[in-house]
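Working notes, beginning with the structure itself.
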Protein chains: 4
Amino acid sequence: MSTWGKNLKISIFGESHGPAIGVVIDNLPHGYKIDINEVVLQMGRRAPGKDITSTPRFEADTPVIQSGLLNNITTGAPLCALIYNKNTRSTDYNNLVRTPRPSHADYPAYLRYGGFNDIAGSGHFSGRLTAPLVFAGAICRQILSTKNIVIGAHAYEIAGIKDTPFDMADITYEKLDELSHRTAPIINPDAEKLMRESIEKARMDCDSVGGIVECAAVNMPAGIGSPMFDGVENRIASIIFGIPAVRGIEFGAGFAASKMRASEHNDPYYYDSDNIRTRTNNHGGAIGGITSGMPILFRVAFKPTASIAKQQDTIDLISKNNTKLIIKGRHDPCIVLRAIPVVESACAIALLDLLMDCNGKI
Amino acid sequence: MSTWGKNLKISIFGESHGPAIGVVIDNLPHGYKIDINEVVLQMGRRAPGKDITSTPRFEADTPVIQSGLLNNITTGAPLCALIYNKNTRSTDYNNLVRTPRPSHADYPAYLRYGGFNDIAGSGHFSGRLTAPLVFAGAICRQILSTKNIVIGAHAYEIAGIKDTPFDMADITYEKLDELSHRTAPIINPDAEKLMRESIEKARMDCDSVGGIVECAAVNMPAGIGSPMFDGVENRIASIIFGIPAVRGIEFGAGFAASKMRASEHNDPYYYDSDNIRTRTNNHGGAIGGITSGMPILFRVAFKPTASIAKQQDTIDLISKNNTKLIIKGRHDPCIVLRAIPVVESACAIALLDLLMDCNGKI
Amino acid sequence: MSTWGKNLKISIFGESHGPAIGVVIDNLPHGYKIDINEVVLQMGRRAPGKDITSTPRFEADTPVIQSGLLNNITTGAPLCALIYNKNTRSTDYNNLVRTPRPSHADYPAYLRYGGFNDIAGSGHFSGRLTAPLVFAGAICRQILSTKNIVIGAHAYEIAGIKDTPFDMADITYEKLDELSHRTAPIINPDAEKLMRESIEKARMDCDSVGGIVECAAVNMPAGIGSPMFDGVENRIASIIFGIPAVRGIEFGAGFAASKMRASEHNDPYYYDSDNIRTRTNNHGGAIGGITSGMPILFRVAFKPTASIAKQQDTIDLISKNNTKLIIKGRHDPCIVLRAIPVVESACAIALLDLLMDCNGKI
Amino acid sequence: MSTWGKNLKISIFGESHGPAIGVVIDNLPHGYKIDINEVVLQMGRRAPGKDITSTPRFEADTPVIQSGLLNNITTGAPLCALIYNKNTRSTDYNNLVRTPRPSHADYPAYLRYGGFNDIAGSGHFSGRLTAPLVFAGAICRQILSTKNIVIGAHAYEIAGIKDTPFDMADITYEKLDELSHRTAPIINPDAEKLMRESIEKARMDCDSVGGIVECAAVNMPAGIGSPMFDGVENRIASIIFGIPAVRGIEFGAGFAASKMRASEHNDPYYYDSDNIRTRTNNHGGAIGGITSGMPILFRVAFKPTASIAKQQDTIDLISKNNTKLIIKGRHDPCIVLRAIPVVESACAIALLDLLMDCNGKI
């Protein structure tokens, strides 16, 4: 389903070439002032055409709010926003079903929906559906910011080229705030240059590249979350895998933890004046599903954009033969930069939902 | 919470040194014959003392079934099983709260539960709570096996030493079936020898090592799952992060996909006689949240066991000073081998829950 | 929350005087042809101004579909429909908060939302929010009708005047189909006449009357539902209490069952040719939460419309004194007739959700 | 399913003649001292053999706690309690399936579970499964009592004989506390005498009678709950219909509201010193799903016990003929008195779950 959440519920709808896409956010905390310009700014970070690495296609992605705000303050009633589509259905896409695109949802979706799903522009499976997710995240992060909680991410790696990683135990509010307002949040300008060259080279080769997004949040209070299936990691992971092209997620030291010894990996506690902190943050801000007060930190792996102009092998579902496919249209040679605000947004929604747990207090 | 599931609900309870731990499985499909010996065998794979890499402590972990089975056939009513604890509370563990163990849930749980949580043997946060998870998984995999679905895993990596990885596009029922009955499922005997040496060396150093579990399932039908937040990856990830010490999960090519180009990563479809397959399986069996019919494949990163005999830095919550801690008792120098049946079990529960989606069919 | 459902999720949004109200229906079965005229017809039954007993105000309530339909066939992706409001915010309603209307949600909502809720036209608490519920129900009943399941209701009682009740054990498809297309579904014309007189009298007295809706569904298969908390009655009741002004629900013989002996109340089984039926249907089509194959039958009590022109006692929340209130505007002297399609719609949503249970079958 | 709850989850398991029945309560607030004697006392009110109107059979129903309590204080971890069955499976009950008992779940359950459900003593459908519900309720009401919230109920009506009803707007803590400790909570001794005579007469006639339970709770704070589908009424109704034999529920004036005019039904607000109250309480403590601060009040209709010794008509599912049935064993001629603590318990669970909503506050 396209519904997520325990305390708040987001319900995302829409198909790429239908009239509109959008989201309903149910049970949002009331009384929070929303800066719509900031929301539009966040949506703009995801929109195509803002960075040369993405498609030259330009979509304004203006949210049209239908409910839940009064004088720009959350009412507590479900907040619904629509984003009207510019590209609406005009042509016959039936050929796409016949020859499913490799590593796209075409074929699995065809089976799942008996061929009734809308395939124009990938329908409900389009990356465009991350626009309402960013909208919802932009609302949630403004609420979180009243608690001084800020979320930021950067291109940890693109096409195998690494950016300067976060210093996991020492991430500042200012750094995350700055990154969360950039269209291309890459810390190291030299890495950025190499990344852009790799992306450009892939484009020239009618190919695409993937990468890793590193996301952090600071000032999340300690003691939030629950053990087993309802913890920080479970809930962040379950929403993050809702972003197209995600292939993995790791917290703190992540997969590298598997190569470490405990004496190296364990994070010793210490008193920093009266504050309890850990010297390192290999745990990524949550242990046993519960926040420690250290920065929440996770990385998300993105595969290379599946749509490439290069000829590919596939099948013809009607003639039942193997065949070749050339995908037409313009496609992002790398979606990692546009994915950064999406990851931040999913994180914001998850953290707000976690904060809304009563945590056994009545 | 310790409750998981959409169509079936598992509810795990118990504290390490309380009278018993156990699980309720609600809405289990009815009419399935359960081989209790096979369940006990699976639980034995997780139990300590079976392999020299784990603690010499021996726990029988016999499930005592209270409901839901009649003549060993599922009735469809909630199935409850208890596992009685041998080590029940006897000593005062209050010191443990005072000086929280690094990278254990002690301190976050102390905040979350206001100090009222049972800390004896880590209480509800104990790795022992994976025993009822294995029980539930063992029930689910027997139901899945009637559809020819089998799940198996191996120690993909321990202490940085790699086992022979799965050939992702060509995993056989027989291979998984064999692995899923071994106590130390490592494919390459040479790797196993090196892994055991590394574990032994860590033990001698009063330290511990981590590793990666690679898990696969074959014969899952194509077209199962849903886009966005309710897909194969979301649901597997959300249950897998319920296993203590998990730090990351990746599907198919996973984090390595981030270094690939699409021309290399995309999985071309082809007809294998009448069957539709992909040449490679970088997608790990699910695209857009929906199964493709190819093997489900994911890897799970485990951190090194946090409890080590080495002296560590920590804090004293009462005197509010930095202090030192030595953890007493016997601890696994590597929990990866024991974690393998736990990962398989969580996967089995998730796949059965997915199969129970109506998928829009009434 | 304004989200309901287990297998399908409906998420209703909007405030009475905001830009639009609407609904997202997630996980709807795919491949079902929707007759939009029939949907509009159902919505028209609920709209004001269709029957003299309701307000003379006329609202078209045209649904504008944003997603989930392609060539009028359900795609399986979330279906979103908007209904634009004609009366949008224009005046200052702050006085209404100061002197809460008796038996309206004004005061409880004020506390719940800290005064941030939109109170214009009752905001999200408006009876107008039943329009998207009827939309969703109209979609669901078209899907149910492909299984020959039909739902109909009538004004069982208004202002104490009883209509001819359903013969619970013998309700026909044709009867329900006919009722479900009428604006004023009352079986007995003499009762209708008396009801209308009572309503008119209440209107002249600046007062209002309540009533009871009796709703039935036939051809629901036997064996659907689950015991305890997930049964037919639990799920129908939980959605029905989402309709404003509902004060009670009873199934089959209902409250009258409490006065009967078992020898009178028990429904004996018999073979009607090869079909298993019960001679009477005091159980209302479900026993132990599971359908019996007999008609589903329940009654819903509606209180008199709380908004009346008569002067009423209330409080002034600012001066903290007792005071008097006269509610301005036109209000329905009886909402029972308009509530009938709402009850049918809620029933349709619940029955479709129930049908989508896998019921232990994989 | 047998799982209920949003913030806390109760999962009830067991079959009447299996080894044990019980319940897991997940996410219970931590740090609350539980008086086990009081829990046992509440369970005793439900147990058979305590009142002459019930079966002479005696069951101790001692809860054996497996987890979640430490020194009788809630730890916050799932609390599991078992109640061992004295009557375990010994004989062949297969004849019961062949000739389903009228108005029992035998036949619907047979279809739902394909005949695999345990039918001994009605299996999971047994009224005995209300014992763990009372256990869970007894825990919850002790937590609620720390907020001065108390819940009590009485036999509003049995066999058509009415007890003195609650004065809805003026119910005291003391009255509810007293009722909630009685085995036969009937307010009017004359009514009690007549009720007992009616029950005894029904027993002599090999028949049974039904009744209505009226339940109230005081000191529930105002402003708790949510509109539409997640309100006080929805959640109480959804758990109450989990009690066997319930046929209806009404809040406040309930079905009688349908015969009233608004001028009579509306509850005027007034200041009682600084407290805001309503003169009458026809709304039953919740408007629009949200508490008003007035007593929560609802009534629950129970059908007469379906199991009677009188010969009844039924079918033979094997010979496919109509036949006669005589049910053996001892059965309660009236379950209303034993149902009273069950209704109170379900109410307690629902109110605690409601209190645990964050209500938009972070």
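To find a chain, count down the sequence lines: A is the first, B the second, and so on, and within it residues start at 1. Everything quoted here is computed from the prediction, not taken from an experiment.
- Side-chain atoms of E15(B) come within 3.5 Å of backbone N or O of G68(D) as a donor-acceptor pair.
- At a 4.5 Å heavy-atom cutoff, the contact between I65(D) and chain B is made by backbone atoms alone.
- Neither the backbone nor the side chain of I21(D) comes within contact range of chain B; no heavy atoms are under 4.5 Å apart.
- Heavy-atom contacts from other residues, nucleotides or ligands closer than 6.0 Å to OH of Y110(D) number 12 or fewer.
- For I12(B), the part lying under 4.5 angstrom from a heavy atom of chain D is the backbone only.
- Of all non-hydrogen atoms in F13(D) and P78(B), the two that sit nearest each other are CB-CB, 3.8 Å.
- Note that OG1 of T74(D) and CG of D118(B) are 12.0 Å apart. Values are rounded to the nearest 0.5 Å.
- Interface remark: Y84(B) contributes side-chain atoms only to the contact with chain D (heavy atom separation under 4.5 Å).
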Practice problem: Could you walk me through whether T75(D) and H124(B) pass side-chain contact (heavy atoms from CB on, under 4.5 Å), step by step? | Solution: CA-CA 9 Å; T75(D) 63; H124(B) 190 60; over 6 Å; no
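- Among all heavy-atom pairs drawn from M1(D) and N7(B), the shortest one is CE-O, 3.0 Å.
- When A109(B), G115(B), S2(B) are compared by the number of non-hydrogen pairs under 4.5 Å with chain D, S2(B) comes out ahead.
- Taking CD of Q66(D) as the reference point, atom CG of N85(B) lies at 9.5 Å (rounded to 0.5 Å).
- Nearest heavy-atom pair across F116(B) and I73(D) is CD2-CG2, 3.6 Å.
- For the 3.5 Å distance criterion, the side chains of T3(D) and D26(B) qualify, holding a donor opposite an acceptor.
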